[in-house]
Amino acid sequence: NKYFYPGVSGAKGTQFTHWLGACITLPHIIGFQSTPVRDAIDFMASFIKKPVKRCAALVLDGKKLADLCWGTPESAHAAAADQIDQYQTKFVAKPYKTVVAVLSSKYPEIWTGGKGSYKLQGIVADGGSLILYAPHLDSVSASWGEQIEQVGYHCLPYVQAHLSEYLDAGIPLGVLAHVTHVMGVGTYEKGVEKLRINLSLASKLTPERCRAINLNYIDPERFDVEAYRGA
């Protein structure tokens, strides 16, 4: 349905669902089978009456096919999601103090590579560190870099406090959602932003560029990523 709905909703629908997700925050979206964002997307796609929509949702055990769920996009997704914990979820006793996200080379910019933060910040302990290791990454975003650099990476309350200012400057809600998702949750009181985790980037971006977008810098050539594997 996420692939269908832009055709029946337009740009406003895309901006709306991204900002809705930002306002809910990732800890209440990632890993949940049903969310208001999914409900909104399903609703938009419901306006497509013909042809009939059918979906094959795969349940994988590693690289092996464990099950294939067939039906409407909604029913197939729900049936697959009901099974996924037994194949794809690892439960641990406590969150980690330091987590390293090794980004694929298919993500040359933070706009896409930020998914490393989306997916992993939830397993970082309060006050812990998340490091995006991407020695190939050399861009903030080919499409939205200028707008992202105007805002920088911040938590949701910070962006909400400056929302009118950003909208007046023409910053799309989708960009504002992105910067909050990458940075993670935090607070903004009396002009002071406090973040739950420390986010650092080890990439081709210089220390100055990282500082300008409110990210910590790590020199990728001096960072021993192998030391963290299996730790």
Heavy-atom pair of closest approach, residues [X] and [Y]:
{"X": "E109", "Y": "S141", "answer": "OE1-CA, 3.3 Å"}
{"X": "N216", "Y": "S200", "answer": "CB-OG, 3.2 Å"}
{"X": "I197", "Y": "A125", "answer": "CG2-O, 3.9 Å"}
{"X": "E74", "Y": "D42", "answer": "CG-OD2, 3.7 Å"}
{"X": "E193", "Y": "L195", "answer": "OE2-CD2, 3.6 Å"}
{"X": "S203", "Y": "Y217", "answer": "O-CE1, 4.5 Å"}

Supply the atom-to-atom distance [X] [atom1] to [Y] [atom2], rounded to the nearest 0.5 angstrom.
{"X": "L26", "Y": "L120", "atom1": "CG", "atom2": "CG", "value": "11.5 Å"}
{"X": "R54", "Y": "S75", "atom1": "CZ", "atom2": "OG", "value": "7.5 Å"}
{"X": "I48", "Y": "N1", "atom1": "CD1", "atom2": "CG", "value": "7.5 Å"}
{"X": "F4", "Y": "C55", "atom1": "CZ", "atom2": "SG", "value": "8.5 Å"}
{"X": "L176", "Y": "W144", "atom1": "CG", "atom2": "CH2", "value": "10.5 Å"}
{"X": "I213", "Y": "I148", "atom1": "CD1", "atom2": "CD1", "value": "8.0 Å"}

> Are Y228 and F223 close enough that their ring centres sit under 6.0 Å apart?
Replying inline: yes
> Is the distance between the ring centroids of Y188 and H162 less than 6.0 Å?
Replying inline: yes
[atom1] of [X]: more than 12 outside heavy atoms within 6.0 angstrom?
{"X": "E146", "atom1": "CD", "value": "no"}
{"X": "E165", "atom1": "CD", "value": "yes"}
{"X": "Y96", "atom1": "OH", "value": "no"}

>> If we check side-chain contact (heavy atoms from CB on, under 4.5 Å) with L201, which of these qualifies: L215, I218, L130?
In response: L215
> Given W19, which of I24, T14, L173, V37 fulfils the side-chain contact (heavy atoms from CB on, under 4.5 Å) condition?
Replying inline: L173
> If you group Ile, Leu, Val, Met, Phe, Trp and Tyr by side-chain heavy-atom gaps below 4.5 Å, do I110 and Y158 land in one group?
Replying inline: yes
>> Test of understanding: with salt bridge (Lys or Arg N to Asp or Glu O under 4.0 Å), list the residues that count as partners of R209, not counting sequence neighbours.
In response: E149
>> Suppose we screen for salt bridge (Lys or Arg N to Asp or Glu O under 4.0 Å). Which residues come up paired with E226, at least two apart in sequence or across chains?
In response: R229
Below 4.5 Å, heavy atoms only, C-beta onward: do [X] and [Y] meet side chain to side chain?
{"X": "Y87", "Y": "V59", "value": "yes"}
{"X": "V175", "Y": "Y166", "value": "no"}
{"X": "V185", "Y": "C155", "value": "no"}

> Among pairs that include at least one residue of residues 112-132, which meet side chain to side chain donor-acceptor pair (under 3.5 Å), considering only residues two or more places apart or in two chains?
Replying inline: S117-Q121, Y118-H178, D126-R196
